[in-house]
Enquirer: 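Starting off with a structure, shown below.
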Amino acid sequence: MLFGISSQGCNNQSGVSQFSLTLFLPVHLTGTKYSCGGGGCGACTVMISRYNPESKKIYHYPATACLVPVCSLHGAAVTTVEGVGSIKRRIHPVQERLAKCHGTQCGFCSPGMVMSIYTLLRNHPEPTPDQITEALGGNLCRCTGYRPIVESGKTFSPESSVCQMKGSGKCCMDLDEGCSESTKERMCTKLYNEDEFQPLDPSQEPIFPPELIRMAEDPHKRRLTFQGERTIWIMPVTLNDLLELKASYPEAPLVMGNTAVGPGMKFNNEFHPVFISPLGLPELNLVDTANSGVTIGARHSLAQMKDILHSLTLEQPKEKTKTHQALLKHLRTLAGPQIRNMATLGGHVVSRPDFSDLNPILAAGNATINVISKEGQRQIPLNGPFLERLPEASLKPEEVALSVFIPYSGQWQYVSGLRLAQRQENAFAIVNAGMSVEFEEGTNTIKDLQMLFGSVAPTVVSASQTCKQLIGRQWDDQMLSDACQLVLEEIRIPPDAEGGMVEYRRTLIISLLFKFYLKVRRWLSEMDPQKFPDIPEKFVSALDDLPIETPQGIQMFQCVDPNQPEQDPVGHPIMHQSGIKHATGEAKFVDDMPRINQELCLTVVTSTRAHAKITSIDVSEALAYPGVVDVITAEDVPGDNNHSGEIFYAQNEVICVGQIICTVAADTYIHAKEAAKRVKITYDDIEPAIITIEQALEHNSFLSSEKKIEQGNVDYAFKHVDHIIEGEIHVEGQEHFYMETQTILAIPQTEDKEMVLHVGTQFPTHVQEYVSAALKVPRNRIACQMKRTGGAFGGKVTKPALLGAVCAVAAHKTGRPIRFILDRSNDMLITAGRHPLLGKYKIGFMNNGKIKAADVEYYTNGGCTPDESEMVIEFIVLKSENAYHIPNFRCRGRACKTNLPSNTAFRGFGFPQATVVVEAYIAAVASKCNLLPEEIREINMYKQISKTAYKQTFNPEPLRRCWKECLQKSSFFARKQAAEEFNKNNYWKKKGLAVVPMKFSVAVPMAFYNQAAALVHIFLDGSVLLTHGGCELGQGLHTKMIQVASRELNIPKSYVHLVETSTVTVPNAVFTAGSMGADINGKAVQVLLSLPINFYFFETNHLFQVKKAFEESISLSATGYFKGYQTNMDWEKEEGDPYPYYVYGAACSEVEVDCLTGAHKVERCFNQFDLPVEGAFIQGMGFYTIEELKYSPKGVLYSRGPDDYKIPTVTEIPEEFYVTMVRSRNPIAIYSSKGLGEAGMFLGSSVLFAIYDAVTTARKERGLSDIFPLNSPATPEVIRMACKDQFTDMIPRDDPSTFTPWSIHVS
């Protein structure tokens, strides 16, 4: 096998034991990251280049390395991020601009982003903004919010890279070279200097390896066979050779893109001893256009198919390409660009996935499949029977799909594809459809009708009986009504169907049918306006899907004082200290560390029961598996197996699905994983198994005592108000979805029971504590090293400690280094996430909207062990008033104990859930008073220096300023009026707006958690080595500490080097969380550098002063310590000073909602902060809208990867996103710093409440109550089912007592 890897030359391999490219890449090429393993996140994106000997052209395309079989690369060139550019050689403009445009934070996704943009530039050196957005559609990022990544790509576009709101090509807010002058201060918008960018020179790109060209043009090709450990890979070179192989191995899959076979092997434990890969056969690559249609070879990728169809739509009359246009619409959003470039037309058609977006359209368009075997050729109709997998309509095992014929549409035929997914792009459809109708010429009499639906059954299904009964009918409203009834009778989704959402999917079937009906009505009217009346004007907006637009926006921030010294970096938009390394893949994460001699890989065996007694564990078969060294259980823990309530290895009893029972240590990850499947565990279930909050309340199951604050006389106040309302709000949980999963490398030392752990964590001290307890050795023998981690968001505060102990026990028992990396599925299962919450409220208020009394109760689903649940409920209670002063206020909270994996810290730490309840009762009061929610917010907002409900004094002036300026700059009232006008004129689409304020408290009520320390060494060459107790999670903490050192020492920041965080250099450091990492560690660095050594370094000759200090025997090494903010909270007295300061903000969001499907689009957001929170806002927006965790009634988490759990992609972010950071004045913190990491999460709820504003409008128009549950997340299902209409009334409904649902809510 011969293929090229960038910076490696060509590799010649005779045998391959690793299936996927990510596992095969040389150990020093670590830039290609492994994150999800299923092609769903884009972290492992590479560029693959192939030479076509017939066209003499080279084709470049992006691919996810985790799904690329190594053997499929024969004859291809692979470019990884290292081949694009490096610090050692030369960084590429793509890498430079991504870093300088602030498009990297944690850096784990950055190499994949680079490769997606780079591949686009290889094909389109001057891309359009839309091409850039499309190119990034398959890449996930959890940190940045995507806009700066898109902005970096747009710098290559000849079109302006700034917003063009006023049509001038200039930023609408730029007045004077990037600054606008206000009465008080100068505000800047320029975050980078384009003049610094090196130009893109396509002529300097690496050439395609000549030996691969010669090999491709070799006329004497022969069959290639590659033998692996368990499989054989065969590459035929002629069609006859392929047919011979298929006859010999009829069950062997044909692998071309591997987007179906690969995930089946990884996630469904499928095994194939033989693979046949006919990649180079010209018969599979043909394109043949004829008068009747186009034939496309089965080998063509979906991306190539898209290009072919696009060309045809330009060449052919519009009436002939209706099928092509329908396919093109779905080809834009099907998966991401990487998968579209890997998946082939033949593979997609023949695999017949139930969720296919294309097959229903192909069937509706009367496509056929050309198949061949040794017996000859034949055509198979690509129709309902084929897609329903009827044996008589399917391919025979020995047959091969050659091509697909797509006929042109007729003059009186209309073809359409419709779909609805959790998000617009790179998501399986919840329901999709392909429909076509043909009329008798010149009439609206149905001659032929086809309707096929996906994601409603185990296969795509055809409503064939419905269609037969409608032949000969007129295309009118009565036909539609009958069609809806008939199709619901024919396509019955069982109430316990896999995937859940049963009533929603039933509704979508007929909602999509109605959309098709309207589209056809409009088309008929265009054909003959006199004969066929048009649809009502108010229905026109239902015709089109919500558009995908290239995002644009601005960040406005305070300009640096022009009198500030030039070398002082504080206040400047500094590139992330590791930004270039992120973009080149040279920033090393734990799994990038070279393999150590005798190192073992560790995998886990977890419980499959929520609450059960373990009756037996049989590890014999696992121990006998090749490469296995040991199986580790609870009996192997030398110290505590239960530390602070956290259980390392389950013993005798399991208390949740996903609890670790044992681990398998083997020489490779694959061996360990395969052996883990062979561990046999038997159980006896224990009752009750508590899954939901309601069940916990029923069984009085709690993790902690009640927390409560109260002010005024609540009970008395309720007797003296005009109105009282009561309600209940459910807020579901959230998965962290950090790009780098939990990763640990434990290295036992040869002396004194020492152990070194390299771990991605927010709390190295905690890891040290748990490992020490598990191994029963003093903490001074345990060293925890933390250089960086690929995102955390709270998920790496406590969980790495438990996993570190598990890993350390394995290292201790085997005496060998252990590499422990959770795959995405196990990471999501074991580590859990944000606490689901149930909020109950009782609110008393006056006719004018003034709230006089509030009694609020919060319950969280804490899971099976304590973790952080008690602290989370404390934060929820303390932050429960948000921005509102309610004179008589009572709040109580309690964490429930359930048989779910323990939920843990998550960005915002309870605040994002709790304040949904607050804003929900604000909206309920507004509805009752017939006022806007914004008016109720204004009425009840803190207005003067006041005390909170827990008796802490604060000044709400910054809050009021943020609120006022957000309303003004967003033109809220004008936009609201415009939305109302839109809503009057559109029945099936509605716009909504909401503005929400925020008062967010920073730090922790326990003073000892606010301390920090730092260490500095100054060397005789003048260089400075700095370290501190904080952890670099992507937030740029090290970058900020370098800025502090630069200012305090009055030296350029290039003099300062920051070494990794370690328990060896800074002991007993607190967690990096609570938005206080920069605050407290910055103070420690500042204190450190204000020690006596510092006075030497304020003079001009820095080096001279360093040498002078050394000669005078002054230590050039020192420790700095910050005692921390002296916070406190007395829960018995219900008062204290729990927080050192607050941060404030307000956000206005405008959305458009499709009432027929539940889809929504965020059109614009205006954010007024005293802190920058763009990434947090997008993460919050995802939490409140599309991110949905699904559990079985028995406590099994279904959502265990990017296929099942959808975070926002680049197409989900607001079309227009404006952020203004008001001047920060914070004398408490260093340089007026403000904790910024968490606060913006909640402001994403402005999208949630804008959605509910739109839904409320729809409900009012339909004569429904405008008071309805404001639960979160507002998924498409929630939105659609709240917009009740004739279609939701039409669907059959099941008695809940007669079935067990597939999934349940756990809040």
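The figures that follow rest on heavy atoms only: side chains count, while hydrogens, waters and symmetry mates do not.
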Enquirer: Nearest 0.5 Å please: distance from the NZ atom of Lys850 over to the CG atom of Asp722.
Expert: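 Going from NZ on Lys850 over to CG on Asp722, the span is 13.5 Å.
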Enquirer: Testing the basics here: between Leu878 and Pro1138, what is the closest heavy-atom pair and its distance to 0.1 Å?
Expert: CD1-CB, 4.1 Å
Enquirer: Between the side chains of Arg960 and Glu938, is the shortest nitrogen-to-carboxylate-oxygen separation below 4.0 Å, so that they form an ion pair?
Expert: yes
Enquirer: Could you tell me whether Glu1163 and Lys1161 make a salt bridge, using a distance below 4.0 angstrom between a side-chain N and a carboxylate O?
Expert: no
Enquirer: Both conditions, 6.0 Å and 45 degrees, for the charged tip of Arg834 above the ring of Phe1183: are they met here?
Expert: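 Yes, Arg834 sits over the ring of Phe1183.
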Enquirer: Does the cation-pi check pass for Lys999 over Phe954, that is, NZ or CZ under 6.0 Å from the six-membered ring centre and within 45° of its axis?
Expert: yes
Enquirer: Please report the shortest heavy-atom distance between Pro1273 and Thr1185, naming the atom on each side.
Expert: CB-O, 3.5 Å
Enquirer: If you count heavy atoms of other groups shown closer than 6.0 angstrom to NZ of Lys943, is the number above 12?
Expert: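 Yes - once you tally the heavy atoms of other residues, nucleotides and ligands closer than 6.0 Å, there are more than 12.
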Enquirer: Are any of the side-chain nitrogens in Glu1216 or Arg1164 under 4.0 Å away from the carboxylate oxygens of its partner?
Expert: yes
Enquirer: Please examine the side chains of Phe982 and Lys989, heavy atoms only from C-beta on, and report whether any two atoms are closer than 4.5 Å.
Expert: yes
Enquirer: Check for a donor-acceptor pair, side chain of Asn903 on one end and backbone N or O of Gly833 on the other, with a separation under 3.5 Å.
Expert: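 Checked: pair present.
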Enquirer: Can you give me the closest heavy-atom contact between His723 and Asn847, atom names plus distance?
Expert: NE2-OD1, 2.6 Å
Enquirer: If I compare all heavy atoms of Pro1276 with all of Tyr504, which pair ends up nearest, and what's the gap?
Expert: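 Residues Pro1276 and Tyr504, closest heavy atoms: CB-OH, 3.3 Å.
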Enquirer: Report yes or no: does Lys1133 contribute a side-chain atom to a donor-acceptor pair with the main-chain N or O of Met1129 at less than 3.5 Å?
Expert: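 Looks like no, no N/O pair under 3.5 Å.
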Enquirer: One thing to verify: whether Asp855 and Arg892 come together as a salt bridge, which I'm taking to mean a side-chain N less than 4.0 angstrom from a carboxylate O.
Expert: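 Looking at Asp855 together with Arg892, the answer is yes, because their closest N to O distance falls below 4.0 Å.
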Enquirer: Check the surroundings of atom NZ in Lys976: do more than 12 heavy atoms from other residues, nucleotides or ligands lie under 6.0 Å from it?
Expert: yes
Enquirer: Can the positive tip of Lys707 be found less than 6.0 Å from the middle of the six-membered ring of Trp1131, inside 45° of the ring normal?
Expert: yes
Enquirer: Please verify the inter-ring angle class for Phe1242 with Phe911; under 30° counts as parallel, over 60° as perpendicular, anything in between as tilted.
Expert: perpendicular
Enquirer: Go through the side-chain N and O atoms of Glu728 and His730 and say whether any donor and acceptor fall under 3.5 Å apart.
Expert: yes
Enquirer: Does Asn930 CG have over 12 foreign heavy atoms under 6.0 Å away?
Expert: no
Enquirer: How many angstroms lie between OG1 in Thr904 and CE in Met871, if you round to the nearest 0.5 Å?
Expert: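 Taking OG1 in Thr904 and CE in Met871, the distance rounds to 10.5 Å.
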Enquirer: Less than 4.5 Å apart, any side-chain heavy atom of Gln913 and any of Met1241?
Expert: no
Enquirer: Salt bridge check, Lys951 against Asp1137: does any charged N sit closer than 4.0 Å to a carboxylate O?
Expert: no
Enquirer: Looking at NE2 of His835 and CZ of Phe875, how far apart are the two atoms once the value is rounded to the nearest 0.5 Å?
Expert: 12.5 Å
Enquirer: Taking all non-hydrogen atoms of both residues into account, name the closest pair between Leu1248 and Ser1272 and its distance.
Expert: CD2-CB, 4.3 Å
Enquirer: May I ask you to decide whether Arg1259 forms a salt bridge with Asp1285, counting only side-chain N to carboxylate O separations under 4.0 Å?
Expert: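 No.
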Enquirer: Before accepting this row, confirm whether a basic side-chain N of the pair Glu919/Arg937 lies closer than 4.0 Å to the acidic partner's carboxylate O.
Expert: yes
Enquirer: Going by the rule ring pair (Phe, Tyr, Trp, His ring centres under 6.0 Å), which residues pair with Tyr858 if we only count those two or more places apart in sequence or in a different chain?
Expert: none
Enquirer: Rounded to the nearest 0.5 Å, how far apart are OG1 of Thr1127 and CD of Gln952?
Expert: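 One gets 9.0 Å once the value is rounded to the nearest 0.5 Å.
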Enquirer: With distance as the sole test, does Asp867 use its side chain to make a donor-acceptor pair with the main-chain N or O of Ser902 at under 3.5 Å?
Expert: no
Enquirer: Is any side-chain N of the basic residue among Glu726 and Lys842 closer than 4.0 Å to the acidic one's carboxylate O?
Expert: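 The answer is no: the pair does not qualify as a salt bridge.
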Enquirer: Treating Ser1245 as the side-chain partner and Val916 as the backbone partner, does any N or O pair qualify as donor plus acceptor under 3.5 Å?
Expert: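 Side chain of Ser1245 to backbone of Val916: no pair is present.
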Enquirer: Cation-pi between Arg907 and Phe793: NZ/CZ under 6.0 Å from ring centre and within 45° of the ring axis?
Expert: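 The answer is no; the distance or angle limit is not met.
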Enquirer: Looking at Glu957 and Arg961, is there a salt bridge between them, counting it only when a charged N and a carboxylate O are closer than 4.0 Å?
Expert: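 Salt bridge present between Arg961 and Glu957.
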Enquirer: Are the side chain of Asn882 and the backbone N or O of Thr915 linked by a donor-acceptor pair below 3.5 Å?
Expert: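 It does not hold such a pair.
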Enquirer: With Ala1073, which residues qualify under side chain to side chain contact (heavy atoms under 4.5 Å, CB included), at least two apart?
Expert: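 Ala1073: side chain to side chain contact (heavy atoms under 4.5 Å, CB included) contacts with Gln762, Val797, Phe1071.
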Enquirer: To the nearest 0.5 Å, what is the distance between CD (Glu735) and CG (Leu1197)?
Expert: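 Answer rounded to 0.5 Å: 8.0 Å.
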Enquirer: Would a distance-only check, ignoring hydrogens and angles, find a side-chain to backbone donor-acceptor pair under 3.5 Å from Glu1261 to Ala1258?
Expert: no
Enquirer: Would you name the heavy atoms of Ala717 and Val721 that are closest together and state the gap between them?
Expert: O-CG1, 3.2 Å
Enquirer: Within the side chain of Glu1135, is there an N or O that forms a donor-acceptor pair under 3.5 Å with the backbone of Ala949?
Expert: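 The answer is no, because no donor-acceptor pair under 3.5 Å joins these two groups.
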Enquirer: Does Trp988 have Arg1262 sitting over its ring (NZ/CZ under 6.0 Å from centre, angle to axis within 45°)?
Expert: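 So Arg1262 does make the cation-pi contact.
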Enquirer: Any ion pair linking Lys990 and Glu1152 (charged N to carboxylate O, less than 4.0 Å)?
Expert: no
Enquirer: Any non-hydrogen side-chain atom of Tyr1184 less than 4.5 Å from a side-chain atom of Ser1246?
Expert: no
Enquirer: For Ser1307, is there any backbone N or O sitting under 3.5 Å from a side-chain donor or acceptor partner on Asn861?
Expert: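 Not a single qualifying donor-acceptor pair exists.
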Enquirer: Do the rings of His736 and Phe906 sit parallel, tilted or perpendicular, given the 30° and 60° boundaries?
Expert: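 If you compare the ring of His736 with that of Phe906, the planes turn out parallel.
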Enquirer: Rounded to the nearest 0.5 Å, how far does CD1 of Ile1213 lie from CZ of Phe1177?
Expert: 11.0 Å
Enquirer: Keeping the roles fixed (side chain from Ser970, backbone from Cys966), state whether a donor-acceptor pair exists under 3.5 Å.
Expert: yes
Enquirer: Using the ring of Tyr950 (Phe, Tyr or Trp, six-membered ring only), decide whether Lys879 places NZ or CZ under 6.0 Å from its centre and within 45 degrees of its axis.
Expert: no
Enquirer: Just by modelled atom types, is the Ala1254 backbone N or O under 3.5 Å from a matching donor or acceptor in the Thr1256 side chain?
Expert: no
Enquirer: Please assess Lys840 against Glu857 for the test salt bridge (Lys or Arg N to Asp or Glu O under 4.0 Å), listing each intermediate value before the final yes or no.
Expert: CA-CA 5 Å; Lys840 300 181 179 182; Glu857 295 177 73; 6.0 Å; no
Enquirer: Identify whether the distance between the nearest side-chain nitrogen and carboxylate oxygen of Lys1206 and Glu1187 falls below 4.0 Å.
Expert: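 Answer for the salt bridge query: no.
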